Amino acid sequence: MPVEYFRAPRGLQLTCANWQIEAAYRMVQNNLDADVAEDPENLIVYGGLGKAARNHEALHKILATLRRLQPDETMLVQSGKCVGVMKLHEDAPRVLLANSNLVGDWATWDEFRRLDALGLMMYGQMTAGSWIYIGSQGIVQGTYETFVAAGKKHFGSDLRGRLVVTSGLGGMGSAQPLAVTMAGGVCLGADVERKRIEKRVKTRYLDEIIDDPKLALKVALDKKAKGIAWSIGVPCNATELLTVVRDSGVVPDMVTDQTSAHDMLVGYVPDQMTVLQANELRARDPKAYQRESARTVAKHVALMLDLQERGAITFDYGNNIRTEARAAGVGEAFRIKGFIPEYIRPLFCEGRGPFRWVALSGDPSDIACTDALALKMFGDNVSLRTWIEKAQQRIAFQGLPARILWLGYGERARFGLAVNELVRSGELKAPIVFGRDHLDCGSVASPYRETEAMLDGSDAIADWPLLNAMANVAAGATWVSIHHGGGVGMGKSIHAGQVTVADGSSNAARRIQRVFTCDPGSGILRHADAGYPAAKSFASTNGVDLGG
Ligand code: NAD
């Protein structure tokens, strides 16, 4: 069978009935663009098995349905397959998606894999199945914010003259070297797959590849000593790199990890074997593979703990590695802190999160125009200004040109309306589609990540993402999704996404005002309800109604 590749249409020629529908049509294909997706042939976008559609047949049905969808109709997607169309009304979302959801007791990888093998489900990760993945850029700003916050908290400065050691340079993990160098530091990162590392050099996320871990460490220390921001990818297993670091006696300033440890069968790769041997073992004996993964992850986290013990700031970067290591016998795994309670929660208390937009024209000048607008509107926020300026210099677009900007409550609505106005006036060549990661302030329940260690112990309460999704549907987002298992794996998270199109119309302006207010607003409610003083005071000074 010849391999089929997808690429979003560009320009002003519509294939669908209007821009709301066209946006979904372009974005599902953009997620699968060979420049965007990690494994486009298998419809895998990022994050282990995170897919945009269940299979090729299902994808073709989604595209065919969008081509004939009417402005008052809504397509329903169940785990990456279109299952029907409903006649609703023009202000309703054009697509509703539910991906990878399983009832509590069945919410396990084994049950998911059984259903997946039967062709009944797919794993949607977060933005893969909800069609708003924008390549590695989507995570770079969050990663940058995290490293900057960690630098401020622990060193009172940026990362100049600091060494960060990590692993996993995949779809999301590759943001680490770029973010660390943007913050002035040196990043040494392992990945078992050389071709993944090569892709990062090509897309300018990584500076160089050094095959020998010892030499790589030596070069990294030299750059650190000279205060040069630099990143090095090492094609080896995480355990191999960390063993070399530990045995050398070097204590890195920071240690973290973004291998796909949320999935011990398809994401994580055991050591003491090549990737080819690992693939062969996975196909031949999945149970044996998982035993090897468990053995490796235990060693991996033990090494991280060892470096932590010796003084390295060590944090979990949202891949569930601590849970897997604990299950494999590392009782101390949770001595490593999660990055959300450590560095990101204060941002969530202001409704700030990974807001992003994509130029449907395909023209980079449209993003340059929105960048200029963002600098004009938010340029007095030093962190936002620095990010946009650095992103303009360093970020290579993947697929349709896009920008991520961690805007907060109030800012998102103001910016969305201003962009809608630029579309209306013709200053932008075509409509802009706005969305966000599910890792946002009000849209996720994930006790090992976004909602770890909540003040009131409400970590596992999943009413919040459901309320968030319902509010976004009522507000008229263009598409809304509810997913399970993103980031940390089956049984560990429930989360929701929304995407809304600015097509320049007054109808779009009304939707934008409603969605971009209630979406981050639900995050303020969630954090105020949990008792965070910052969220309560933000609510009272910004007119967020807490009821009563
Ligand atoms: P990915 O599957 O695209 O990449 C994972 C990479 O890890 C691959 O390149 C793989 O070769 C490598 N790898 C696997 N096992 C390894 C090992 N033992 N040693 C060295 N390399 C190994 O996944 P991704 O999109 O980069 O996401 C990585 C992880 O981060 C996932 O668990 C994901 O759920 C999580 N995640 C975190 C955030 C966040 O905000 N912190 C956001 C999205 C995803």
Side-chain angles (χ1 to χ4, degrees), residues 36-39 44-50 123-128 133 135-136 138-147 166-176 179 189-200 205 213 233-243 256-275 278-279 289 292-301 303 315-325 338-340 342-344 353-354 404 437-440 444 446 448-450 483 485-490 492-493 495:
V36 178
E38 290 298 303
D39 179 5
I44 291 175
V45 183
Y46 77 99
L49 268 184
Y123 182 49
Q125 259 290 5
M126 291 195 158
T127 50
Y133 183 69
S136 301
I139 197 71
V140 179
Q141 195 198 357
T143 311
Y144 171 74
E145 296 284 346
T146 304
F147 282 121
T166 187
S167 299
L169 301 173
M172 300 276 96
S174 56
Q176 298 174 101
D191 196 294
V192 285
E193 284 215 62
R194 199 174 206 286
K195 72 168 192 224
R196 302 264 197 158
I197 309 185
E198 283 164 359
K199 184 170 175 180
R200 307 315 164 203
Y205 278 71
V234 193
C236 69
N237 201 287
T239 57
E240 199 184 328
L241 179 63
L242 291 178
T243 303
T256 188
D257 179 70
Q258 258 194 38
T259 57
S260 271
H262 68 276
D263 185 340
M264 287 282 115
L265 182 62
V266 184
Y268 194 74
V269 180
D271 63 6
Q272 295 169 10
M273 63 184 87
T274 64
V275 175
N279 291 343
Y289 184 101
E292 288 298 304
S293 281
R295 177 190 55 71
T296 308
V297 87
K299 193 201 294 185
H300 186 164
V301 170
L303 282 159
F315 60 91
D316 172 292
Y317 216 152
N319 60 356
N320 203 32
I321 195 164
R322 294 169 300 174
T323 322
E324 293 297 347
F339 77 109
I340 297 270
E342 283 291 283
Y343 312 121
I344 299 293
I404 181 154
D437 196 356
H438 297 197
L439 180 163
D440 198 14
V444 53
S446 184
Y448 293 133
R449 205 166 91 172
E450 289 88 339
H483 291 197
V488 282
M490 289 296 144
K492 310 280 191 305
S493 62
H495 39 96

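Predicted model only: the values in this text are computed from it and were never measured. Order of listing sets the numbers, starting from 1, for every ligand and every atom in it.
- Gln258 places no side-chain N or O within donor-acceptor distance of the main-chain N or O of Ser167, the cut-off being under 3.5 Å.
- Protein heavy atom closest to atom 4 (O) of ligand 1, with residue, atom name and distance, is Gly170 CA, 3.2 Å.
- The backbone N or O of Gln125 lies less than 3.5 Å from a partner atom in the side chain of His483, making a donor-acceptor pair.
- Those atoms of ligand 1 that come under 4.0 Å of a heavy atom in Gly47, given as number and element, are 1 (P), 2 (O), 3 (O), 23 (O), 24 (P), 25 (O).
- Heavy atoms of Gln125 approach ligand 1 to within less than 4.0 angstrom.
- Counted by atom type alone, Ser260 and Asp263 present zero donor-acceptor pairs between their side chains at under 3.5 Å.
- One distance of note links OG1 of Thr166 with CG of Leu242; it measures 8.5 Å at 0.5 Å rounding.
- When each atom of ligand 1 is checked for a heavy atom of Phe339 under 4.0 Å away, the hits are 39 (C), 40 (O), 41 (N).
- Taken to the nearest 0.5 Å, the CZ atom of Phe315 stands 10.5 Å off from the CG atom of Asp257.
- Not close to ligand 1: Pro270, with no non-hydrogen atom less than 4.0 angstrom away.
- Gly487 counts as a contact of ligand 1, since one of its heavy atoms falls under 4.0 Å from the ligand.
- Atom 21 (N) of ligand 1 has its closest protein heavy atom at Val192 N, 3.3 Å.
- Among Gln176, Lys299, His262, Arg449, the residue whose heavy atom sits closest to atom 32 (O) of ligand 1 is His262.
- Counted by atom type alone, Thr127 and Asp437 present zero donor-acceptor pairs between their side chains at under 3.5 Å.
- Distances from atom 14 (C) of ligand 1 to the heavy atoms of Gly168, Gly318, Gly267 show the closest one on Gly267.
- Among protein heavy atoms, atom 11 (O) of ligand 1 sits closest to Asp191 OD1, 2.7 Å.
- Under the rule for a side-chain hydrogen bond (donor to acceptor under 3.5 Å, both in side chains), the partners of Ser446 that lie at least two apart in sequence or sit in another chain are Glu450.
- For the residues Val297, Thr127, Thr259, the heavy atom positioned nearest atom 16 (C) of ligand 1 is part of Thr259.
- If you number the atoms of ligand 1 from 1 as listed, the ones under 4.0 Å from a heavy atom of Tyr317 come out as 37 (C), 39 (C), 41 (N).
- Residues satisfying the side-chain hydrogen bond (donor to acceptor under 3.5 Å, both in side chains) test with Arg200, not counting sequence neighbours, are Glu38.
- The distance from ligand 1 to the heavy atoms of Gly173 drops below 4.0 Å at these ligand atoms: 26 (O).
- For atom 28 (C) of ligand 1, the closest non-hydrogen atom on the protein side is Gln258 O, 3.1 Å.
- Among all non-hydrogen protein atoms, the one lying nearest atom 18 (N) of ligand 1 is Val269 O, 2.9 Å.
- Scanning the protein for heavy atoms near atom 44 (C) of ligand 1, the closest one is Met172 CG, 3.6 Å.
- Remark: Asp191 CG to Glu198 CD distance equals 11.0 Å, nearest 0.5 Å.
- Under the side chain to side chain donor-acceptor pair (under 3.5 Å) rule, Tyr268 has a single partner from Glu292, His300, Glu324, which is His300.
- Nearest protein neighbour of atom 3 (O) of ligand 1, counting heavy atoms only, is Gly171 N, 2.9 Å.
- Proximity to Tyr46 (heavy-atom distance under 4.0 Å) selects the following atoms of ligand 1: 25 (O).
- Of the candidates Ala238, Ser260, Ala37, Ser260 brings a heavy atom nearest to atom 2 (O) of ligand 1.
- Set against the non-hydrogen atoms of Glu38, the atoms of ligand 1 under 4.0 Å away are 3 (O).
- For ligand 1, the atoms closer than 4.0 angstrom to any heavy atom of Ile139 are 39 (C), 40 (O), 42 (C).
- Residue His300 places no heavy atom under 4.0 Å from ligand 1.
- Remark: the Thr146 side chain and the Tyr317 side chain contain an N/O donor-acceptor pair separated by less than 3.5 Å.
- Summarising the geometry, atom OG belonging to Ser136 is positioned 10.0 Å from atom CG belonging to Leu169; distances are rounded to the nearest 0.5 Å.
- Residue-ligand proximity: Leu439 is placed with a non-hydrogen atom under 4.0 Å from ligand 1.
- Under the 3.5 Å distance criterion, the side-chain polar atoms of Tyr46 are matched with a main-chain donor or acceptor of Met126.
- Residue contacts with ligand 1 for Asp263 are absent, since no atom lies close enough (heavy atoms, distance under 4.0 Å).
- Side-chain atoms of Thr296 come within 3.5 Å of backbone atoms of Asp271 as a donor-acceptor pair (strictly under, hydrogens ignored).
- Remark: ligand 1 atoms within the under-4.0 Å shell around heavy atoms of Cys236 are 20 (C).
- Atom NZ of Lys299 is separated from atom CZ of Arg295 by 5.5 Å, given to the nearest 0.5 angstrom.
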